[in-house]
Amino acid sequence: MAVSFITRLLTLALGYAYPAYGCYKTLLERHPREIEQLLFWCQYWILVASLTVVERFADGAVSWLPMYGEAKLVLVVYLWHPSTRGAGHVYEGYLRPLLARHEADIDRGLLEMRARARDLTASQLKAAAAVGQRWLVEIIGRVTSQLQAATSGRGQAGDLH
């Protein structure tokens with residue numbers, strides 16, 4: 001249990017925090033002439049994002065493997081480490097060709113997903129507005145009936161005196 005926690009902590013620190021800081025330093029602290037370093041960090045983040053998405057879907061199938069966390073830690077260090085610069089190798093050798101082959105399908109899928117999300121959002125907003133309208137009518141009806149009851153109660157009480 002403790003090894004797993006330490007491995008996850010190291011993966012966060014070495015897989016996300018350190019490279020994020022490297023990206024920050026490249027973007028904000030250096031001159032734009034260092035485009036190669038910026039390209040490297042962009043490749044790293046594209047790979048990490050892709051691996052994170054795949055991992056979320058495949059987690060049940062791979063997380064039980066012995067030393068899975070340790071292997072993931074080694075992979076993220078390999079991707080950014082200055083002596084290996086693995087992000088460039090993996091991106092250029094595997095991910096870029098894969099994305100290029102399927103780019104049109106991915107773009108089409110993203111457009112369809114955006115359209116569905118827009119339609120779903122519009123229908124959900126309409127449904128929420130209808131519920132809100134019903135609640136408002138109900139609240140106004142209750143308040144009106146309470147005001148009428150209070151007014152008629154005062155009128156009757158005034159007749160008794």
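This is a predicted model, so every value here is computed, not measured.
Separating the OG1 atom in Thr11 from the CD atom in Glu70 is a distance of 8.0 Å, to the nearest 0.5 Å. Rounding to the nearest 0.5 Å gives a distance of 11.5 Å between SG of Cys42 and CG of Leu47. With values rounded to the nearest 0.5 angstrom, Leu73 atom CG is found 5.5 Å from Leu10 atom CG. How far CD of Gln43 is from CG of Leu38: 10.0 Å, rounded to the nearest 0.5 Å.
Cluster annotation: Val62 is not connected to Leu79 through the hydrophobic network of ILVMFWY side chains, with a link wherever side-chain heavy atoms come within less than 4.5 Å. Hydrophobic cluster membership differs between Tyr94 and Val54, with clusters built from Ile, Leu, Val, Met, Phe, Trp and Tyr side chains linked at under 4.5 angstrom. Using a 4.5 Å cut-off between side-chain heavy atoms of Ile, Leu, Val, Met, Phe, Trp and Tyr, with links allowed through other members, Val77 and Ile6 fall into the same hydrophobic cluster. In the hydrophobic cluster analysis, where Ile, Leu, Val, Met, Phe, Trp and Tyr join through side-chain heavy atoms closer than 4.5 angstrom, Met113 is grouped together with Leu99. Leu51 is not connected to Val53 by any chain of hydrophobic side-chain contacts under 4.5 Å among Ile, Leu, Val, Met, Phe, Trp and Tyr, and they are in different clusters.
If you chain together ILVMFWY residues whose side-chain heavy atoms come under 4.5 Å of each other, Leu136 ends up grouped with Ile140.
For Thr52, the side chain to side chain donor-acceptor pair (under 3.5 Å) partners are Tyr16, not counting sequence neighbours. Listed by chain and residue number, Glu138 satisfy the side chain to side chain donor-acceptor pair (under 3.5 Å) test with Arg142 (two or more places apart in sequence, or in another chain). Considering only residues two or more places apart in sequence or on other chains, Arg85 meets the salt bridge (Lys or Arg N to Asp or Glu O under 4.0 Å) condition with none of them. For Ser83, the side chain to side chain donor-acceptor pair (under 3.5 Å) criterion is met by His81, not counting sequence neighbours. Applying the side chain to side chain contact (heavy atoms under 4.5 Å, CB included) test to Val143 and every residue at least two apart in sequence or in another chain returns Ile139, Leu147. Taking the side chain to side chain donor-acceptor pair (under 3.5 Å) definition, one finds that Tyr68 meets it with Glu55, sequence neighbours left out. Shown here are the side chain to side chain contact (heavy atoms under 4.5 Å, CB included) partners of Tyr78, two or more places apart in sequence or in another chain: Leu75, Thr84, His89, Val90.
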Audit row: Trp41, Trp80, side chain to side chain contact (heavy atoms under 4.5 Å, CB included) steps and yes/no:
CA-CA 8 Å; Trp41 286 117; Trp80 63 255; 3.8 Å; yes
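Residue pairs meeting the salt bridge (charged side-chain N to carboxylate O under 4.0 Å, His left out) criterion with at least one member in residues 58-67: none, sequence neighbours excluded.
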Pairs of donor and acceptor atoms involving the side chains of residues 115-135, under 3.5 Å and at least two apart or interchain, shall be tabulated with distances.
from, atom 1, to, atom 2, distance (Å)
Thr121, OG1, Ala117, O, 2.7
Ser123, OG, Asp119, O, 3.4
Ser123, OG, Leu120, O, 2.9

Please list every donor-acceptor pair under 3.5 Å in which a side-chain atom of residues 102-112 meets a protein atom from a residue at least two apart or in another chain.
from, atom 1, to, atom 2, distance (Å)
Asp105, OD1, Arg108, NH2, 2.5

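Pairing each heavy atom of Ser152 with each of Ala149, the nearest pair is OG-O, 3.1 Å.
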